[in-house]
Amino acid sequence: MAHHTITVTINGETEIVTVPSHMTLLEMLREELALTGTKNGCASGECGACTVMMNGAPVNSCLVLAVETDGAEIMTVEGLAHDHTLDPLQEAFVESGAVQCGFCTPGMLISSKSLLMRNPNPTDHDIREALVGNLCRCTGYVRIVDGVRQAAKLVASDTK
Amino acid sequence: MDNPTPGLPKFEYIKPASLDEASAFLVDHAGEARPFMGGTDTFVRLRAKAWHDKFMVDVKHFSGMNDISFDPQHGLTIGAAVSMNRIIESPFVQEHYPLLAQAARTVASYQLRSRATLVGNICNASPAGDTLGASIVLGGVLRVHGVGGEREEPLTGFFHAPGKTNLRPGDIATAIHFPLPPANAAGIYIKLNRNNDGDLAIVGVTALGYPDATAASGFRFKLALASVAPVPRVPVEAEAILADAPITPETIAQAANAAMDAATPIDDTRGTAKYRKLMVRNLVKRAVNDVWEKLQ
Ligand SMILES: Cc1cc2nc3c(=O)[nH]c(=O)nc-3n(C[C@H](O)[C@H](O)[C@H](O)COP(=O)(O)OP(=O)(O)OC[C@H]3O[C@@H](n4cnc5c(N)ncnc54)[C@H](O)[C@@H]3O)c2cc1C
Ligand code: FES
Ligand code: FES
């Protein structure tokens, strides 16, 4: 069976990994690189728990082959905090009670991060639309939407 | 117990150096290799053991596959590997083909649309494909590279059955081309699903209307129905009714009935055949009314 040696930048660090053809990006992150923040909920594109950023766009890592990330830049939930400082989204999620069991949270954070990157001032409708592909079985979503709204405000006030 | 989230079955990932090499490989391995685009349909089918391919032939990296271009004389060309999100965000699409952007926006979720492609949606030929209707009514033509060279495949007549199209082993769609839209056209895609977003269509109705002096009514409407037949269905009688008689509420109701008669749906988990037929009637009425209002 064919293996491929790829070079991929993950959360700013260059990794050289040898992967079989049929390994997904999700499996590579969790099983080869021990980045277990990214979750496997359904392995079929439905739940969004595996969402990571690939070259600046959020993707379902269960639907991307590891070999396809040769030369790519990946950001996972582990890449959100810097020097022990949480991303404003993480702070806002904690403050607004957007986290219960936490299984959906890494994917929610990455999808929300992508939303705020393309639209720093989203309406509640924009937030809900951006999170359509992220399922949460605990919170009822209201507090997650609160969290994203609050993070947008935090970022806006920081950059004033 | 079955693993609820199984890994992918084993296959080899192939990245050919040229389109010719890719087509030749696909022909040599017909039945056990397929072109690999966003993979969003393919992975689900592989995991469900519905497909058993030994080779995934990546065709996203060839020249032109990632480009969107618009020519004011000839129209829009979208490379096969361009993602749905890039189509939705393209200023050319928003300005000249808003119907296409609107339909693409109803597909799944934002992160899925970072990978899912319009051409993959078309080649996959699911009757529920949300962008097939818009691609048909806008006159889409696929550019195809096969072992015999390049050819064009207009979408009219392209679909035969779920997953079955005019594409043959070795064929790789490299782009889709849309002619300039008719002047002053307006369109809408109405998707009925179980929740507001992120689900497959129970019924989908696409309508495009535009002034046309050669039609007795002064207008022409192009319609396409999703999820109500084995292939995207164009209700030609409904289109003829709207071309032949002045557009009145009665004409629109008559066309909606004709569209309902053209639908041959099945019962499935998303809805019954009877419900689908009635929804075709109601949604065609709603879609044509909406377009008609925009045309005034
Ligand atoms: C969770 C989930 C939700 C979804 N929701 C929707 C939805 O709401 N609406 C909808 O319409 N679809 C939906 N889909 C289906 C899918 O995302 C779309 O059909 C998508 O557009 C497929 O594009 P792709 O690039 O991923 O295709 P792939 O999976 O790469 O390919 C699909 C098929 O087309 C063939 N193919 C692809 N490109 C070419 C080419 N260039 N030349 C020749 N053959 C080719 C492949 O060989 C394969 O057989 C959903 C899928 C998932 C997993
Ligand atoms: S694990 Fe990828 S979407 Fe659920
Ligand atoms: S917090 Fe438990 S699934 Fe969202």
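Naming convention: chains lettered A, B, ... in sequence-line order (proteins, then strands); numbering from 1 in each chain.
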(request) Measure the CG-OG distance between B/L8 and A/S21 for me, rounded to the nearest 0.5 Å. (result) 11.0 Å
(message) For the CD atom on A/E78, are there more than 12 heavy atoms of other groups (residues, nucleotides or ligands in this structure) within a distance under 6.0 Å?
(response) yes
(message) Nearest 0.5 angstrom please: A/L63 CG to B/S114 OG, how far?
(response) 11.0 Å
(message) Are there over 12 heavy-atom neighbours, none belonging to A/R143, within less than 6.0 Å of that residue's CZ?
(response) no
(request) Taking all non-hydrogen atoms of both residues into account, name the closest pair between B/L112 and A/G45 and its distance. (result) CD1-O, 4.0 Å
(message) Looking at A/R149, I want to see if its CZ is surrounded by more than 12 non-hydrogen atoms of other residues, nucleotides or ligands under 6.0 Å.
(response) yes
(message) With a sphere of 6.0 Å drawn around NZ of B/K54, does it hold more than 12 non-hydrogen atoms of other residues, nucleotides or ligands?
(response) no
(message) If I compare all heavy atoms of B/F43 with all of A/C62, which pair ends up nearest, and what's the gap?
(response) CD2-O, 3.5 Å
(request) Check whether any side-chain heavy atom of B/Q111 sits under 4.5 Å from a side-chain heavy atom of A/S111, and report yes or no. (result) yes
(request) Taking the side chain as every heavy atom from C-beta outward, state whether B/F11 and A/L65 have any pair of such atoms under 4.5 Å apart. (result) yes
(request) Sort B/K60 into side chain, backbone, both or neither according to what part of it lies under 4.5 angstrom from a heavy atom of chain A. (result) side chain
(request) Report yes or no: does B/R47 contribute a side-chain atom to a donor-acceptor pair with the main-chain N or O of A/S44 at less than 3.5 Å? (result) no
(request) Go through the atoms of A/V59 and report whether side chain, backbone, both or neither lie under 4.5 Å from a heavy atom of chain B. (result) both
(message) Between B/R115 and A/N60, is there a side-chain heavy-atom distance shorter than 4.5 Å?
(response) no
(message) Using a 4.5 angstrom heavy-atom cutoff, name the option from A/V67, A/L131, A/N134, A/T24 with the most pairs to chain B.
(response) A/V67
(message) A side-chain contact here means heavy atoms from C-beta on lying under 4.5 Å apart; do A/E68 and B/D58 qualify?
(response) yes
